[in-house]
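The block underneath contains the structure these notes are about, expressed in structure tokens.
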Number of protein chains: 2
Amino acid sequence: MKIGELAKRSGLTAHTIRYYERIGLLPYADRDRSSRRDFDASILAWIEFLGRLKTTGMPIRDMLLYADLRDRGSGTEAERRALLERHRESVRAHVDELNACLLVLDTKIGGYAETEQRMKDYDATLPERRRKPVGARSPRTG
Amino acid sequence: MKIGELAKRSGLTAHTIRYYERIGLLPYADRDRSSRRDFDASILAWIEFLGRLKTTGMPIRDMLLYADLRDRGSGTEAERRALLERHRESVRAHVDELNACLLVLDTKIGGYAETEQRMKDYDATLPERRRKPVGARSPRTG
DNA sequence: CTACGAGTTTGAGCGCGCTCTAAGTCAAGA
DNA sequence: TCTTGACTTAGAGCGCGCTCAAACTCGTAG
């Protein structure tokens, strides 16, 4: 598979694929007679997994540690597992934090909803001709 | 409150507090006779809220939009609410994505656990003197 | 009076993760 | 044969969010 094809399939740009190879996140790819990379389809699963690590906030330097263990093959399973377990805990902690923030956001948004309701109620007490047009800016409610 | 005190209480560095003021994320603080910032304690709640936005991945440029609406006061509630609602949705989506990644991590980690178990089982079939020392690297299992 | 420490400003620098440019090579189609 | 376009390399540049440096001013304790 050429780099353009891999780019399409993986969602990375060709630039990024070359960059990942350069820093060692992707194994050095075979080249054809004219120095062009020819990727094995199996690289897609690895790129996809790297994407998961990235999505979950793992820095590239840690992915490199994992990639290195993987390259070294058997005998590194325990370390790889430990690395992923540590990462899993940090992701879980982050999810918890996000959920806590979501509660705060809900409260804040709820506050604005109340404000808007009060404004509507107030508006409804006015005689028809004094009601403000949609989007008008009063009364004040911080 | 002086900047050092605010730094301690907020968890930001004094550098970051000045930076936030400079870019407009914090309101321009009052200065005393010798040009030193004197913060009102109420700024803490705002910094804390900014922290939530940051934790949930909101870029500074969006926080600035929110901060601007807030500065403009009443009449901007609907926009502020809409902004927070959009953000809430993106956070929820991100949490879902993280949870999906956690499942993948669980599977991967489970795979390593199996490998380790197979290795232990294999090891137990060997006569006592051939069992490998803890941490040894065989047999091969990808 | 002096020294210290906490503050001030402007502006440069940094770490991260790409992203792009320049100049060149090569294979295939018109 | 010529052109096109996808590829190659090394290395520069960028956007983000800080983080720090330099040179300075104050207020206070000894």
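Below, chains carry the letters A, B, ... as their sequence lines are ordered, and counting in each starts from 1. Computed from heavy atoms alone, side chains included, the values below leave out hydrogens, waters and symmetry copies.
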Under 4.0 Å protein heavy-atom contact, by nucleotide of nucleotides 15-20 of chain C - B base, S sugar-phosphate only = -SBBBB
Is any side-chain N of the basic residue among A:Glu5 and A:Arg9 closer than 4.0 Å to the acidic one's carboxylate O?
->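 Looking at A:Glu5 and A:Arg9, the cut-off is met.
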Side-chain ion pair, A:Glu89 and A:Arg92, N-O less than 4.0 Å |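 The answer is yes: the pair qualifies as a salt bridge.
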In this structure, how many angstroms lie between the [atom2] atom of [N] and the [atom1] atom of [X], rounded?
X: B:Lys2; N: C:dA6; atom1: NZ; atom2: P; answer: 14 Å
X: A:Met1; N: D:dC7; atom1: CE; atom2: C1'; answer: 16 Å
X: A:Arg36; N: C:dG24; atom1: CZ; atom2: P; answer: 16 Å
X: B:Asp30; N: C:dT8; atom1: CG; atom2: P; answer: 13 Å
X: B:Ile23; N: C:dT10; atom1: CD1; atom2: P; answer: 15 Å
X: A:Asp32; N: C:dC26; atom1: CG; atom2: P; answer: 11 Å
X: B:Ile17; N: C:dT8; atom1: CD1; atom2: C1'; answer: 14 Å
X: B:Leu64; N: D:dC18; atom1: CG; atom2: P; answer: 11 Å

Check whether any side-chain N or O of B:Arg37 sits under 4.0 Å from OP1 or OP2 of C:dT8, and answer yes or no.
->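 Affirmative; the distance criterion is met.
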Below 4.0 Å: OP1/OP2 of C:dT9 and any side-chain N or O of B:Arg31 =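 For B:Arg31, the contact criterion (side-chain N or O under 4.0 Å from OP1 or OP2 of C:dT9) is met.
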Can a donor-acceptor pair under 3.5 Å be found between the side-chain atoms of A:Arg18 and the base atoms of D:dT8?
->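 No such pair is found, so the answer is no.
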Is A:Arg33 side chain donor-acceptor paired with the C:dT25 base, going by distance under 3.5 Å alone?
->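 No pair found.
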Minimum-distance pair of heavy atoms, taken over all atoms of B:Gly24 and B:Leu64 |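 Residues B:Gly24 and B:Leu64, closest heavy atoms: C-CD2, 3.7 Å.
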Between B:Arg80 and B:Thr76: side-chain donor-acceptor atoms closer than 3.5 Å =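 Yes.
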Using the ring of each side chain (for Trp, its six-membered ring), is B:His94 parallel, tilted or perpendicular to A:His94, with breaks at 30° and 60°?
->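 B:His94 and A:His94: perpendicular rings.
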A:Ser10 pairs by side chain to side chain contact (heavy atoms under 4.5 Å, CB included) with which of A:Ile47, A:Leu50, A:Thr16?
->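 The single option meeting the side chain to side chain contact (heavy atoms under 4.5 Å, CB included) with A:Ser10 is A:Ile47.
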Beyond-backbone contact of A:Tyr112 with B:Glu85, side-chain heavy atoms, under 4.5 angstrom |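 A side-chain contact under 4.5 Å is absent here.
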